[in-house]
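Working notes, structure below.
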Amino acid sequence: MTPQGAFQRGGTTVTGTTQLVGIIGRPVAHSLSPAIHNAAFAALGLDMAYVPLPVRDEDVGAAVKGLAALGFRGANVTIPHKGAVLPYLERIDGDAALAAAVNTIVVDGGELRGYNTDVEGVRAALVAACGDSLRGAPGLLLGAGGAARAAALALARLGVDLTVVNRTAAAAERLVALTAAAVPGCTCRRLPLEELTATLVTEQRLLLNATSLGMNGAGKVPASLTDTVTAGQVVFDVVYTRCETDLLAQARARGAIVIGGLEMLVRQAAAAFELWTGRSAPLDVMRDVVRRR
Ligand code: NAP
């Protein structure tokens, strides 16, 4: 029965005691995170609710501080605010500091703490698909933005022999320096984009696209790259769209092992869920939500 004065929508009931979590970004209306987390809260019978919080660039500081003022348990942070929230947090977890990007905020006793669960999202998705088989194997990372910095940390820790290619050379150089400092002993080098050849692509065990290419409204990963994927390679695309990206569709058709951005989305959500609730995330419930969208 719905308590008096409670608001009910779908499986979510909001009462005077409900703990709130949100997602800060611009835009956020398209985000799958409210559906993923509300389904997970309902599945575990938790008195929690997750709301979209559209925030303008000039309001990021007020929004972050407002989480504590309003008694929120925390929030996710998405494009374009993952870096902008850092100065307003009282404590930054190691991976968030290393990636210079926060995608999860936890409010603990009024203290604002920043985390980066994208690193765990990449790690967990790769380990589920490949176990420890990538240790020492050559891997190519495309991109040097926030998602790529998180992916590089995960890949370096998994022992992948990493080559990074990015449109803007300086960003790739920064990523390589940051990863090498964060994971002593790892192999992580930059390759100029113009030196990326079909032979080099076919020599890789892993290809991971962490650019925005493939996202709705962005360009696509060049056919010169997708056409060289071979059976047995592992192809991971962090981009998530309603349909499979061209990169993943081609890779699947060519017999590669494919990992999509939706699996990463679920895995990073699971890690955030565990930070807010202290409970194991119901992965199947979360996956079911993204499959039905
Ligand atoms: P970002 O920080 O803006 O970085 C974008 C990256 O894409 C940069 O490396 C950029 O290269 C590259 N890029 C953009 N347009 C390009 C083009 N036309 N040609 C070549 N390279 C291009 O963005 P982000 O936060 O890393 O996000 C990247 C993607 O990952 C987005 O699609 C995002 O939705 C997705 N993502 C998914 C998850 C998940 O859970 N599945 C989590 C986080 C992010 P330059 O350095 O040259 O600009």
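As the structure lists them, so they are numbered: ligands from 1, and atoms in each ligand from 1. Atom set for the values below is all heavy atoms of this structure, side chains included, hydrogens, waters and symmetry mates excluded.
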Within the 4.0 Å heavy-atom shell around G146, which atoms of ligand 1 are there? 2 (O), 26 (O)
Would you mind listing which atoms of ligand 1 come within a distance below 4.0 Å of any non-hydrogen atom of G261? 39 (C), 41 (N)
Using only heavy-atom distances, determine whether the side chains of Q268 and N103 contain a donor-acceptor pair under 3.5 Å. yes
Examine A147 against ligand 1 and note whether any of their N/O atoms are separated by less than 3.5 Å. yes
The one among L262, V238, I79 that brings a heavy atom closest to atom 33 (C) of ligand 1: I79
Does one side chain, of N216 or T241, offer a donor that lies under 3.5 Å from an acceptor on the other? no
Using a distance-only test with no angle check, is there a side-chain donor-acceptor pair under 3.5 angstrom linking N209 and D237? yes
Could you find the nearest protein heavy atom to atom 42 (C) of ligand 1 and give me its residue, atom name and distance? M264 CE, 3.6 Å
With a cut-off of 4.0 Å, which atoms of ligand 1 are near a heavy atom of G145? 2 (O), 4 (O), 8 (C), 9 (O), 26 (O)
Using a 4.0 Å cut-off to any heavy atom of M215, which atoms of ligand 1 qualify? 31 (C), 32 (O), 34 (O)
For T18 and T15, work out which heavy atoms get closest and say how close. OG1-N, 2.7 Å
I need the atoms of ligand 1 closer than 4.0 Å to a non-hydrogen atom of G143, numbered in the order shown. 9 (O)
Salt bridge (charged side-chain N to carboxylate O under 4.0 Å, His left out), that's the test. Do D284 and R291 meet it? Break it down for me. CA-CA 10 Å; D284 289 348; R291 276 201 201 108; over 6 Å; no
If you have a sec, work out which protein heavy atom is nearest atom 45 (P) of ligand 1 and how many Å separate them, to one decimal? T168 OG1, 3.4 Å
Checking contacts here: is it the side chain or the backbone of L213 that comes within 4.0 Å of ligand 1, counting heavy atoms only? Could be both or neither. side chain
Given the protein's heavy atoms, is any one of them under 4.0 Å from atom 3 (O) of ligand 1? no
Do the charged groups of R113 and E90 touch, with an N to O distance under 4.0 Å? no
Taking all heavy atoms of G114 and all of L89, pick out the closest pair and write down the distance. CA-CD1, 3.7 Å
For atom 12 (C) of ligand 1, which candidate among D118, N116, T211, V164 provides the closest heavy atom? T211
Flag, side chain of Q233 to backbone of R205, donor-acceptor distance under 3.5 Å: no
Classify the contact between N166 and ligand 1 as side chain, backbone, both or neither, using a heavy-atom distance cut-off of under 4.0 Å. side chain
Can you measure from OG1 (T163) to CZ (R189) and round to the nearest 0.5 angstrom? 4.0 Å
For V239, the atoms of ligand 1 under 4.0 Å from one of its heavy atoms are 32 (O)
Does K82 form a salt bridge (charged side-chain N to carboxylate O under 4.0 Å, His left out) with D118? I'd like the steps, not just the answer. CA-CA 11 Å; K82 286 185 181 184; D118 286 337; 2.9 Å; yes
With nothing but distance in play, are any N or O atoms of S212 less than 3.5 Å from an N or O of ligand 1? yes
Going by the atom numbers of ligand 1, which of them fall below 4.0 Å from some non-hydrogen atom of K82? 43 (C)
Which bit of R167 is near ligand 1, meaning a heavy atom under 4.0 Å away: side chain, backbone, both or neither? both
Numbering the atoms of ligand 1 from 1, which are under 4.0 Å from a heavy atom of A144? 9 (O)
Could you label the plane-to-plane angle of the Y50 and H37 rings as parallel, tilted or perpendicular, counting under 30° as parallel and over 60° as perpendicular? parallel
